[in-house]
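For the numbers below, each heavy atom of this structure counts, side chains included, while hydrogens, waters and symmetry mates do not. Numbers here simply count residues along the sequence, with the first being 1.
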Amino acid sequence: MTTTRGAGTGETGTGSSRRAVVAGTVGNFIEWYEFGVYGFFATIIAANFFSPDGAGGLESLIKTYASFALAFFFRPVGAALFGRVGDRIGRKPTLVLVLLLMTGATFLIGVLPTYATVGAAAPWLLTLVRVLQGLSAGGEFGGAVSVMTEFAPAGKRGLYGSWQSFTVALGLLAGAGLAAILGAVLTADQLALWGWRVPFLLALPLGLVALWLRLRLEETPSFRRAAAAPHAAVGGEPVAVPGVAATARAIAVGAARLMGWSAAGYTFLVVMPAYLQSSLGASFQQALVATVLANAGFALTILPAGVLSDRVGRRPVMLTGTVLIVVLALPLLNILQDRGSGTFLQGLAVLVAGAVVGLIAGPGPAMLSEMFPTGVRYTGLGLAYSLSNAVFSGSAGLIITALIAQTSDVDIPAYYVMATCVVSAAALATLRRDGHRRPLGE
């Protein structure tokens, strides 16, 4: 077998590295496919689960996003729980367990009774399933990124880690594409009655394929070595076990560095359909087309950004993305608000919005992985990511919708992502210039 030496990972076969990318990303695809579908069908879910008369409305939509946010706040719990397990017994068995929970919870949404059937129990049942999804999603990121970056060949951690972000785009695009197809072939009544369930039910066959792939995954060489010799030297220096305080500081810094990605990513890629419908009067199909374009732009820049960060460093690439969002967020949103701007210009605006988020998302996983040694990597990067997502992604729809309802200011989404990206830029400025060249600490 041909082998290459990964930075801090030892000898890894190219076949193992490729399997690590596929097995690591497949669960992530299912996770973001479901979260995208939930966001795309938010108005229908609001009417079915949070409205006694099935009419929906802004209040029901806010409740739907509250359930959405609650699931995100269980992500850190899942990251801590599964991260600790993954750092102790291994990446592979933990990722298999996480996948089973994620697939089961997503499938359950497709069979839940609505408010019209079981009354007030419906929103509670939906929220409970969302909590289970939050737990599984919290355990997914840390394990998947650990596997991909610990198997990555030398000089390719940015590329390998960027596949995690790329499957975010693929999952969201798959969800948006399926929602668009259902919206085109079904009547509004059919979509509201049973059509919205189809994407959630499809999680079961997807999950079975993902399970087969993960059962074939090998344990990472970094974990095997760290388990055999916890204090082995890396780069000639013995590795000290990080204390709780040092790990907590790294988690806080990591969350701050991801804040802009979390807020802008969910605002532009997931919350946008409901915003366009409820605030700008767009149709369901128009909102989905805009979201597909935004996610296409996102997908186009992720892998190139990861590759570029392997050459010039994580800091310049990610800082460029955050600064561009601060500068462009309001003008791009104003283009969408201007009915006279034309379809082409509006499409270009959402494409660009997604593309600049991709500049942050591409190098982001590798940047996080490089912040933590093997013994706490699954837990540390998982908690940093999930905390940032809990506060700034999961709450995005709730915050934006509630503030627009209170202020009637339709520029709120732009202000939200601009503020978070300013903080992220400051945190990213503290990144080491040579962090992408240094071996992963074990």
Apply side-chain hydrogen bond (donor to acceptor under 3.5 Å, both in side chains) to T407 and list each qualifying residue two or more places apart in sequence or on a separate chain.
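So T407 forms no side-chain hydrogen bond (donor to acceptor under 3.5 Å, both in side chains) with any residue.
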Which residues satisfy the side-chain hydrogen bond (donor to acceptor under 3.5 Å, both in side chains) test with W163, sequence neighbours excluded?
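Not a single residue meets the side-chain hydrogen bond (donor to acceptor under 3.5 Å, both in side chains) criterion with W163.
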With rounding to the nearest 0.5 Å, note down the distance linking [atom1] in [X] to [atom2] in [Y].
X    : Y    : atom1 : atom2 : result
I335 : L345 : CD1   : CG    : 4.5 Å
I360 : F298 : CD1   : CZ    : 9.0 Å
L319 : L324 : CG    : CG    : 10.5 Å
S262 : L387 : OG    : CG    : 10.0 Å
I30  : S136 : CD1   : OG    : 10.0 Å
I251 : T379 : CD1   : OG1   : 7.5 Å

Got [X] and [Y] here, is their nearest side-chain heavy-atom distance under 4.5 Å?
X    : Y    : value
I325 : M418 : no
V292 : N295 : no
V312 : L308 : yes
M367 : L258 : yes
I109 : E34  : yes
S146 : F372 : no
M102 : L132 : no
F141 : L368 : yes

Any donor-acceptor N/O pair, [X] side chain to [Y] backbone, under 3.5 Å:
X    : Y    : answer
T94  : G90  : yes
T301 : A355 : yes
D87  : Y378 : yes
K92  : E219 : no
S309 : P363 : no
S165 : A361 : yes
S388 : Y385 : no
N28  : Q164 : yes
T103 : L100 : no
D338 : N334 : no

With side chain to side chain contact (heavy atoms under 4.5 Å, CB included) as the test, would you mind laying out the steps for D411 and L333 before giving the verdict?
CA-CA 7 Å; D411 289 335; L333 189 63; 4.2 Å; yes
Kindly determine whether V352 and L348 satisfy side chain to side chain contact (heavy atoms under 4.5 Å, CB included), including the steps that lead there.
CA-CA 6 Å; V352 170; L348 182 61; 4.2 Å; yes
Evaluate whether atom NZ of K156 has more than 12 neighbouring non-hydrogen atoms of other residues, nucleotides or ligands under 6.0 angstrom away.
no
Contact summary for [X] and [Y], nearest pair of heavy atoms:
X    : Y    : value
I45  : F200 : CD1-CZ, 4.3 Å
L99  : L211 : CD2-N, 3.2 Å
A203 : T106 : CB-CG2, 3.4 Å
T267 : P413 : CG2-CB, 3.9 Å
T420 : A263 : OG1-CB, 3.2 Å

Do T220 and E150 have side-chain atoms, one donor and one acceptor, less than 3.5 Å apart?
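Note: T220 and E150 side chains meet the donor-acceptor criterion.
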Within the 3.5 Å criterion, strictly below it, is a donor on R130 or T127 matched to an acceptor on the partner's side chain?
no
So F29 and Y33, would you call those rings parallel, tilted or perpendicular, with 30° and 60° as cut-offs?
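Parallel, since the angle between the ring planes stays under 30°.
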Working for side chain to side chain contact (heavy atoms under 4.5 Å, CB included), residues S424 and R257
CA-CA 5 Å; S424 271; R257 289 172 176 170; 5.6 Å; no
[X]/[Y] ion pair, N-O < 4.0 Å:
X    : Y    : value
R214 : E140 : yes
R438 : E370 : no
E218 : R19  : yes

Start with the C-alpha distance between T149 and S369, add both sets of side-chain angles, then the distance that settles side-chain hydrogen bond (donor to acceptor under 3.5 Å, both in side chains), and finish with yes or no.
CA-CA 7 Å; T149 56; S369 187; 2.8 Å; yes
Contacts under 3.5 angstrom, residues 73-84 side chains, donor-acceptor by atom type, not counting sequence neighbours:
unit_1, atom_1, unit_2, atom_2, d
R75, NH1, E31, OE2, 3.4
R75, NH2, E31, OE2, 2.8

Stepwise side chain to side chain contact (heavy atoms under 4.5 Å, CB included) check, R314 with R433
CA-CA 8 Å; R314 320 295 180 215; R433 292 180 182 273; over 6 Å; no
Option passing ring pair (Phe, Tyr, Trp, His ring centres under 6.0 Å) with Y266 (candidates W261, F392, W32)
W32
